[in-house]
Colleague: 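Starting off with a structure, shown below.
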Amino acid sequence: MAMTSRELLTQILEDLLEVEFKRFKRKLQETQSSDSKKHIPLSLLEKADPLSTADLLLDYFGEGEATRTTSVVLQLINKRELASDLERKLQASVRRDFTTRSQDSGADCQVLYKAAIRQKFSKVKDYNSLPGEWVDLEQRYIRLLIIKKHCNTTQREQAILSRGNTHLEVLKGFQDGGAARVHLETILDKIQNGQNPLTLILQGAAGIGKSYTLSKMMLDWACGRLYPEKFDYVFHLSLKELSIEKRPVSLEDLILANFKGLQPPLQQILSRPEKILFLMDGFDEVRHLYGQAEEIVSANTRTPYPAPVTVALLLTRQLLPECSLLITTRPSALEKLEVYLSADCYLEVLGFLEEERRAFFYSYFQDNHLAFEAYQAIQENDTISTMCFVPMVCWIVCTVLKKQMEMGHGLVNIQTTTHIFLHFTQIMLRHHHSGLPRGSAERTSMQDLLEKVGSLALSGILRQQVIFEAGDLVTHDLEASEIPSTFLNALLRQTVTVEAVYSFGHVTLQEFFAALFYFFSSQKEGWDKDISNLLEEGLKAENGHLILTIRFLFGLSNHQSWQMLSQLTQDKSPSSRYVPSILHASLLSWIQRAARSPRLSDPNFHLELLHCLYEAHQEDLVRQAMAELDNIRFMVFPLKRNDCMALAYCMQCCNTVQNLYLFCCRLGAEEVKLLQPALKKCQVLELEFSDLPDAARKDVSSSLSDRQTMTSLLLTSLINPAGVKESVFRCKAIEGPGECSLVIRYVLSDETVQFCSWAIPQHHPTTITLLNTQLSDGGLQRICSALRSAKNHLQTLRVSGNSLSKVCIPDLSSMVARNPLLTYLDLGSNNLGDEAVTLLCSELQVVASQLQYLNLEENLLSKASVPAICGLVAAVPALKTLKLGFNELTDVGAELLWPMLSSPLCQLEELGMDANHLTDACTASLARSLLPNQTLELLLLTRNALTSQSLPHLDTIWRECNSIKVINVTNNNISKLDRKRYYMFYNPKDKKSSEQKENS
């Protein structure tokens, strides 16, 4: 006879120690609702024994709520095993007395369903778990980085950037300003906004943690931590299992497969579909999902259909259109999924950040000392450290490293993903698979087993099959009992019936064993042809699923990998030593053809080729292949740390790289550090970074070789499309000699000075532009100091839109004296004032003999500065352009300036007097002064107060001054027709020639 709830609760509470029972009551008091009807008074609870406490729980909460509350409190005081025991006994009681409970309310069934879910999802198996070995999900699960993005057509075209087993696949933020991080507890709060139903897509690379995330969501919902008010029921569907289900199943069958006890209230549950959430795991692992689903006109939840069709009907909302869906997929299957549904939100799992990676190590090792040592070991190995951002790879590394540490070894011999998987295979076969014979028979049996498993894996990869039935094993001469459970897992497929199917622990393991097959079949006839066929198929765009297998082929071609395989199988035959050399030629030929194919324009494919070469880790192979791949261009394409590792390694194997162009690749300081050693290989180098720290900019700048010349340095601040301010650093270098230009715009003074303090001494720019940097006198003094101590190459200096005064003039003059090649000086828009400009002009008369261009616009100048300006023009005959516009010279200042134009010492070709409040009163003296002038070609008088009364004087200048080609009087009170008279383009015939003047 089944135990009553009172008996069950009493038994569980009596199993607690006295101190644990006190903690239970205290935690129960803390977690109770403030609702008086469901709040056990403290006075009653303090003195209650286990029996009395059980009675109080039942009296105040009711039978279903009492057991759920007890389970939750037990977990909160870390008595999870006792909580699991309670749920097991509760379900056993339900099964023994099921018929008598068939009339229970839907609420009681929900309590029982949640208990079943907690029991099912509280424990998970590791990839290498033996029968009976389970891991506590709460203990093992580490919070993942999940971000939200809203995709349009353009974004989907760029979504291929998220492919590959990278440690962080960050969403493209250049068009929407980034993506917001979400957590499981708020994953719907941030996107729902009252709308129902919801369709969410959770995408991520293989092994990134999608399935773990759904398992954690199921457990959290069942424990009341995740959306208890939003959803009455959450159902988990494994699409990879359902895709091969041969028997027809209805949606109701799929729901009941989660828990048979939902049969009585099932129609009541389905009557409120808006309170149902389906978690559909593994869309990318199904082959033919839709079939005849499109032909079904009127679907219902009770009618059995082929399992993939039932799933398709749910996805296309022909079944329960008001329910909510969350579907997981690899990015490679995203386009296929979007053909059939429109998502309200796209989420992406990006793996572990630094803190979470460290937490995973401590969770895995369960020993702080060992965890610390292991974590320190990977910190010393950039390759392994990068890979550990992918949770599955992080788990493999921990598994391998734990055994390596037990044997007293570090990570010295681990370089690539292939090496990690080889170490993993060694550990699994030697320490977790005792069924192999010993001696020579062990070698034969080991090779035979790995060849068969590889054959099964390869056949699945070629057909995009990840679930295998017993018949598939027979085809490849395998028996389930001989395959290590660490490689091929047996799954119980439970729908209408229960039967065993098989799957590799992860598809990445399957891809690894598929590549491994070629090595264990190398002595068979047609082996090289089989590899050529695989490689040929891998060149086709539609066969993207083959690329990771090909990448493992490159990794296995490495001599060190082959030595590890030989040690694993104890194969010392002479023929085995030639396999890497034979494969080397095939892989080199393939990658050379891939480099010439149209697919190279796809940055994903280009990057994948680099990853293949990195996996091979053979300098000779990489050097030959990179001869075809040395024009490297990635634009608006995020490159992560492991991408940069592959790129840097491939470049370092080359003598030279023709071109490296990285534009908006979201590279941070760590990525820059990885690329640094390879930058000196480039004949042409163009890089652009956003928000890169100044130290990292300096590192990039200093990484060039003696043969390279930095030709351009740009630092600017801008507002991106999302309205967020960011700094952009762009640089360009070439092999051979050249001149450097340094431009800084819209950057604050301190950052400007800091940048210049290292850029000027390193690259000796001939042109410097500092625009709107709020530069002060002190900042300019420090920059001038750098220019005085650098080589004397400066030819052009633009310092405009800043806040300068006379204090900076001595330093500026001293700098000009140290740079005799300076010909262009722009000090516009600095509000210098008369005193500073007077001092500047007197200094420049002495030190700036080669000055050809001087801009003093917008500097609050008045007539007081004119004598000094005239003195400078007379003292520096090289001066050809003088800009004095947008000041306060007025007619008085102009009358002081004009006589200078008649001096034979004046060699000006352009004079700017725009916006100086000039009137008709000054034009007569202007005409008289210009009559003897033989050099002035361009006279700018825009934005003044001239009227038609000035036309006779302007006509005189135009006719009599032979050198004048343009008099610009735009934005004066002069008609457009009259203004055209003073342009050679419109009116060349009215110019009097030199011969005419002499005759007259």
Side-chain angles (χ1 to χ4, degrees), residues 31 33 64-65 67-76 80 83-84 86-88 90-91 94 106-124 136-144 146 182-192 196-202 209-239 251 254-262 265-266 268-270 272-282 314 320 322-328 344-345 347 349:
T31 57
S33 168
E65 184 69 13
T67 54
R68 189 195 73 80
T69 300
T70 301
S71 177
V72 170
V73 175
L74 286 171
Q75 292 185 63
L76 291 174
R80 293 190 178 92
S84 299
L86 170 62
E87 291 166 3
R88 281 194 299 272
L90 179 62
Q91 290 183 63
V94 171
D108 287 335
C109 283
Q110 185 193 54
V111 171
L112 299 175
Y113 174 61
K114 287 185 175 182
I117 292 299
R118 287 195 294 273
Q119 181 179 357
K120 179 178 179 180
F121 287 94
S122 63
K123 302 287 185 181
V124 294
D136 188 284
L137 178 61
E138 293 275 17
Q139 177 183 313
R140 176 57 61 85
Y141 184 84
I142 304 296
R143 187 185 295 271
L144 294 160
I146 303 176
V182 297
H183 303 289
L184 296 187
E185 310 85 57
T186 58
I187 205 168
L188 299 181
D189 292 343
K190 292 188 177 183
I191 59 176
Q192 189 164 8
N196 244 348
L198 283 173
T199 301
L200 294 83
I201 293 177
L202 180 66
K210 303 184 296 295
S211 297
Y212 255 56
T213 297
L214 293 201
S215 295
K216 187 63 164 61
M217 290 181 72
M218 288 296 296
L219 181 61
D220 284 354
W221 173 80
C223 291
R225 297 191 292 262
L226 191 66
Y227 305 120
E229 305 299 327
K230 280 187 172 65
F231 299 110
D232 291 340
Y233 288 90
V234 179
F235 300 113
H236 184 278
L237 301 180
S238 174
L239 298 189
L251 182 59
L254 298 183
I255 291 174
L256 293 177
N258 281 262
F259 182 57
K260 296 290 186 184
L262 293 179
L266 185 56
Q268 179 184 349
I269 294 170
L270 295 177
R272 300 187 66 195
E274 72 279 0
K275 303 293 285 185
I276 298 175
L277 170 65
F278 285 96
L279 304 181
M280 309 176 73
D281 188 25
L314 187 60
L320 297 185
E322 294 87 7
C323 73
S324 292
L325 306 175
L326 193 158
I327 308 108
T328 70
D344 299 300
C345 184
L347 306 169
V349 185

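All residue numbers in this chain count up from 1 along the given sequence.
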Colleague: Answer yes or no: is there a side-chain heavy-atom contact under 4.5 Å between Leu237 and Leu254?
Modeller: yes
Colleague: Within the distance-only criterion (no hydrogens, no angle test), does the side chain of Trp221 pair as donor or acceptor with the backbone N or O of Phe231 below 3.5 angstrom?
Modeller: yes
Colleague: Please name all residues satisfying salt bridge (Lys or Arg N to Asp or Glu O under 4.0 Å) with Asp220, sequence neighbours left out, ordered by chain then number.
Modeller: Lys216, Arg225
Colleague: Would Ser122 and Leu219 satisfy side-chain contact (heavy atoms from CB on, under 4.5 Å), going step by step from the backbone distance to the final call?
Modeller: CA-CA 6 Å; Ser122 63; Leu219 181 61; 4.2 Å; yes
Colleague: Compare every heavy atom of Cys109 with every heavy atom of Gly261, then report the nearest pair and how far apart it is.
Modeller: O-SG, 3.7 Å
Colleague: Do you know which two heavy atoms are closest between Arg118 and Ala222, and how far apart they sit?
Modeller: NH1-O, 2.6 Å
Colleague: State which residues pass side chain to side chain donor-acceptor pair (under 3.5 Å) with Gln119; sequence neighbours excluded, sorted by chain then number.
Modeller: Gln91
Colleague: What is the distance from atom CG of Leu320 to atom CD of Glu322, rounded to the nearest 0.5 Å?
Modeller: 7.5 Å
Colleague: Would you compute the distance between atom CG of Leu270 and atom CD1 of Ile276 and round it to the nearest 0.5 angstrom?
Modeller: 5.5 Å
Colleague: Taking the side chain from Tyr212 and the backbone from Ile142, do they hold a donor-acceptor pair closer than 3.5 Å?
Modeller: no
Colleague: Not counting sequence neighbours, which residues clear salt bridge (Lys or Arg N to Asp or Glu O under 4.0 Å) with Arg143? List them please.
Modeller: Glu185
Colleague: Under the criterion side-chain contact (heavy atoms from CB on, under 4.5 Å), I'd like the reasoning laid out for Leu214 against Met217: C-alpha separation, chi angles, the key distance, then a yes or no.
Modeller: CA-CA 5 Å; Leu214 293 201; Met217 290 181 72; 4.0 Å; yes
Colleague: Leu251 vs Phe278, test: side-chain contact (heavy atoms from CB on, under 4.5 Å). Steps then yes/no.
Modeller: CA-CA 11 Å; Leu251 182 59; Phe278 285 96; 4.2 Å; yes
Colleague: Who are the side chain to side chain donor-acceptor pair (under 3.5 Å) partners of Thr328, not counting sequence neighbours?
Modeller: Asp281
Colleague: Any sub-3.5 Å donor-acceptor pair from Lys275's side-chain atoms to Glu229's backbone N or O?
Modeller: yes
Colleague: Mind running ring-ring contact (aromatic ring centres under 6.0 Å, His included) on Phe121 and His236 for me, showing each step along the way?
Modeller: CA-CA 10 Å; Phe121 287 94; His236 184 278; 5.4 Å; yes
Colleague: State, to 0.1 Å, how close Thr67 and Leu86 come at their nearest heavy-atom pair, and which atoms those are.
Modeller: O-CD2, 3.8 Å
Colleague: Checking Phe259 against Phe235 for the ring-ring contact (aromatic ring centres under 6.0 Å, His included) test, could you report, in this order, the C-alpha distance in whole Å, the side-chain angles of both residues, the deciding distance, and whether it holds?
Modeller: CA-CA 10 Å; Phe259 182 57; Phe235 300 113; over 10 Å; no
Colleague: The criterion is ring pair (Phe, Tyr, Trp, His ring centres under 6.0 Å); which residues satisfy it with Tyr141, sequence neighbours excluded?
Modeller: none
Colleague: If you define the side chain from C-beta out and look only at heavy atoms, does anything of Met280 sit under 4.5 Å from Leu326?
Modeller: no
Colleague: Any side-chain heavy atom of Leu202 sitting closer than 4.5 Å to one from Val349?
Modeller: yes
Colleague: Once rounded to the nearest 0.5 Å, what's the spacing between atom CG of Leu262 and atom CD1 of Ile255?
Modeller: 8.0 Å
Colleague: Just verifying a value: how many Å separate Asp232 CG and Ile269 CD1, rounded to the nearest 0.5 Å?
Modeller: 8.5 Å
Colleague: Would you say that Leu137 contacts Lys123 through its side chain, given a criterion of any heavy-atom pair below 4.5 Å between the two side chains?
Modeller: no
Colleague: Output all residues satisfying side chain to side chain donor-acceptor pair (under 3.5 Å) with Ser71, sequence neighbours left out; order by chain, then residue number.
Modeller: Glu87
Colleague: Calculate, to the nearest 0.5 Å, the distance between atoms CG and CG belonging to Leu198 and Leu277 respectively.
Modeller: 8.5 Å
Colleague: Please report the interatomic distance SG(Cys323) to CG(Leu325), rounded to the nearest 0.5 Å.
Modeller: 4.5 Å
Colleague: Output all residues satisfying side-chain contact (heavy atoms from CB on, under 4.5 Å) with Val73, sequence neighbours left out; order by chain, then residue number.
Modeller: Phe24, Lys27, Leu28, Thr31, Thr69
